[in-house]
Q: 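Structure incoming, see below.
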There are 2 protein chains.
Amino acid sequence: MSRPATLDAPRASGRLTPAEREVIEFFVHLGRYLSLPRSVGEIYGALFATGGTMTLDELVSRLGISKGSASQGLRLLRGVGAVRASYRPGDRKDHYAAEVELPNLLRGFLRDQLSVRMNHANERLGRLLDAVEDPANGAPDGLSHRVERLVSWQKKAKRLVPLVSTFLKM
Amino acid sequence: MSRPATLDAPRASGRLTPAEREVIEFFVHLGRYLSLPRSVGEIYGALFATGGTMTLDELVSRLGISKGSASQGLRLLRGVGAVRASYRPGDRKDHYAAEVELPNLLRGFLRDQLSVRMNHANERLGRLLDAVEDPANGAPDGLSHRVERLVSWQKKAKRLVPLVSTFLKM
DNA sequence: CAGTTTGTTCATTGAAACTTGAACACTCGC
DNA sequence: GCGAGTGTTCAAGTTTCAATGAACAAACTG
């Protein structure tokens, strides 16, 4: 019944203060709900904690993760707008900072990720509707009606998105 | 670059019509976004497609999954309110039906799952705030301010839930 | 241009999750 | 109570996924 001890704890974090460890643990835990790899939560947590910028090899050495994990994690985080890279003149390393403003974070997510998924779902639903309405496919009674229901809910969800956006700005 | 062929396709489905297969494929795919096991998507899809009820061994034979998977999948689906069991007099088998009304589905989810998670997040944030405000923990400059920001957003999200509930009823 | 630094890619490894199937517990009818 | 029918549990096998680290590509420096 006991949870594995490694679930929440960062692995090697010799150079981190207790406060930083707490923040990282928090984001690792949060990431689990979004089914994100632990390393992603660690990276975002470390950047959130410092408030400033860190380079890839700083993340590697302070978090004790591999260069590969750090590279891939940073790519994912930049992809969803959770981390920004800043280039400094006279320094060849990239400097990464956490986007800590939730509205900005969600704005990027809603625009890039969610709308893509919505359109994808739209497509799939359309194809599904075609399939169940083809008499050759032997759809059970009332199935096309239930699928039409799904379509209408999908439209409703789409209308909900801007509403949430507005709410977040308040 | 090619996806594994097994990703979307139900495994053994000899007794299913093409329309049913399409519906099942749809829910298996949808389940992937929620990181649900394939068998769960298959079960819900099969119940959604028929519209009526099915027994455990009907699901087993028509989907070609094991009794164990079916039992566990049905438990999960009943747990989140996506499937209801109905008991019929004169029949020892349990009959299962999909809850196809999205508002009902989400009502259960919002009440049972989300509020629990919200409270959990609340707790964690409180402990995090305590930790970063303890001078002994060496928090970087401005960290407690950023964490307070998280707290205020969490409260905002909590207020958003009933709003979404209302919207779904329209 | 050779050497160094920086970041990415990818095959391999290891761990966690899903599925299976058989053993088990429970209930009903006789 | 006995036997058949129904559903659950759990150890073992299989699959899936994240982490690693070495090889690679790109960009700068002297």
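Labels below follow one simple rule: chain letters A, B, ... track the order of the sequence lines, proteins then strands, and each chain is numbered from 1. The shown structure was predicted, so the numbers you read here are calculated from the model rather than taken from an experiment.
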Q: Whole-Å distance between C:dT8 P and A:Leu59 CG?
A: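 Taking atom P of C:dT8 as the reference, CG of A:Leu59 is at 12 Å.
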
Q: Measure the distance from CD1 on A:Ile43 to C1' on C:dT8 and round it to the nearest whole Å.
A: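 One finds 14 Å between C1' of C:dT8 and CD1 of A:Ile43, rounded.
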
Q: Using a cut-off of strictly less than 4.0 Å between a heavy atom of the residue and any atom of DNA chain D, enumerate the qualifying residues of residues 88-97 of chain B by number.
A: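 Contacting residues: B:Arg92, B:Lys93, B:Asp94.
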
Q: Figure out the CZ/P separation between A:Arg38 and D:dC17, and round it to whole Å.
A: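 Value for this atom pair: 18 Å.
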
Q: Just the rounded figure in Å: distance from C1' of C:dT8 to CG of A:Leu76.
A: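 The answer, rounded to whole Å, is 15 Å.
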
Q: Between P on D:dA27 and CG on A:Leu56, what's the gap in Å once rounded to a whole number?
A: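 Checked: the CG to P distance equals 17 Å.
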
Q: Starting at the 5' end of DNA chain D and moving along, which residue's nearest nucleotide shows up first, A:Ser35 or A:Gly68?
A: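 The residue mapped nearer the 5' terminus is A:Ser35.
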
Q: Is it true that B:Lys93 and B:Glu58 have a side-chain N and a carboxylate O under 4.0 angstrom from each other?
A: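 Salt bridge between B:Lys93 and B:Glu58, a charged N being under 4.0 Å from a carboxylate O: no.
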
Q: Quick test of your reading of the model: are B:Glu20 and B:Arg15 salt-bridged, counting only N-O distances below 4.0 Å?
A: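 Salt bridge flag = no for B:Arg15 with B:Glu20.
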
Q: Over how many whole Å does the gap from A:Leu77 atom CG to C:dG7 atom C1' extend?
A: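 Atom-to-atom, A:Leu77 to C:dG7, this comes out as 16 Å.
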
Q: Tell me which of A:Pro37 and B:Leu74 sits closer to the 5' end of DNA chain D, going by the nucleotide each one is nearest to.
A: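 Its nearest nucleotide lies further toward 5', so the answer is B:Leu74.
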
Q: Report the distance from atom CZ of B:Arg78 to atom OH of B:Tyr96, rounding to the nearest 0.5 Å.
A: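 Spacing of CZ (B:Arg78) from OH (B:Tyr96) equals 4.5 Å.
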
Q: Distance check: side-chain N/O of A:Arg32 vs OP1/OP2 of D:dA18, anything under 4.0 Å?
A: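 Answer no for this pair, as no side-chain N or O of A:Arg32 is under 4.0 Å from OP1 or OP2.
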
Q: Report, one line per pair, each donor and acceptor closer than 3.5 Å where one atom sits in a side chain of residues 97-108 of chain B; sequence neighbours left out.
A:
unit_1   : atom_1 : unit_2   : atom_2 : d
B:Glu99  : OE1    : B:Arg84  : NE     : 3.2
B:Glu99  : OE1    : B:Arg84  : NH2    : 3.2
B:Glu99  : OE2    : B:Glu101 : N      : 3.0
B:Glu99  : OE2    : B:Asn104 : ND2    : 3.3
B:Glu101 : OE1    : A:Arg149 : NH2    : 3.3
B:Asn104 : OD1    : B:Arg107 : NH2    : 3.0

Q: So, OP1 or OP2 of D:dT8: does either fall under 4.0 Å of a side-chain N or O from B:Arg78?
A: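 True: B:Arg78 side-chain N/O within range (under 4.0 Å) of D:dT8 OP1/OP2.
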
Q: With a cut-off of less than 4.0 Å, is there a side-chain N or O of B:Ser69 near OP1 or OP2 of C:dT20?
A: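 Indeed, a polar side-chain atom of B:Ser69 lies that close.
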
Q: If only side-chain N and O atoms of A:Arg75 are considered, is one of them under 4.0 Å from the OP1 or OP2 phosphate oxygen of C:dT9?
A: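 The answer is yes; a side-chain N or O of A:Arg75 sits under 4.0 Å from OP1 or OP2.
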
Q: Would you state whether a donor and an acceptor, one from the side chain of B:Lys67 and one from the base of C:dG21, lie under 3.5 Å apart?
A: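 For B:Lys67, whose side chain was compared with the base of C:dG21, there is no donor-acceptor pair (under 3.5 Å).
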
Q: For the pair B:Arg127 and A:Glu22, find out whether any cationic side-chain nitrogen is under 4.0 Å from an anionic carboxylate oxygen.
A: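 So B:Arg127 does not pair with A:Glu22 through a salt bridge.
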
Q: Counting side-chain heavy atoms from CB outward, which of C:dG21, D:dG21, D:dC10 is closest to B:Gln72?
A: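 For B:Gln72, the side-chain atoms sit closest to D:dC10.
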
Q: Using 30° and 60° as the class limits, which term best fits the ring planes of B:Phe48 and B:Tyr44: parallel, tilted or perpendicular?
A: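 Judged by the thresholds at 30° and 60°, the geometry between B:Phe48 and B:Tyr44 is tilted.
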
Q: Respond yes when some side-chain nitrogen or oxygen of B:Ser39 is under 4.0 Å from OP1 or OP2 of C:dT19, and no when none is.
A: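 The answer is yes; a side-chain N or O of B:Ser39 sits under 4.0 Å from OP1 or OP2.
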
Q: A:Leu36 has an atom CG; how far is it from atom P of D:dA19, in whole Å?
A: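 Value for this atom pair: 10 Å.
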
Q: Return the value, rounded to whole Å, for the distance between atom CD1 of B:Ile65 and atom C1' of C:dC18.
A: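 In whole Å, C:dC18 C1' lies 12 Å from B:Ile65 CD1.
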
Q: State whether a side-chain donor-acceptor pair under 3.5 Å links B:Ser39 with B:Glu42.
A: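 No, because no side-chain N or O of B:Ser39 sits under 3.5 Å from a partner of the opposite role on B:Glu42.
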
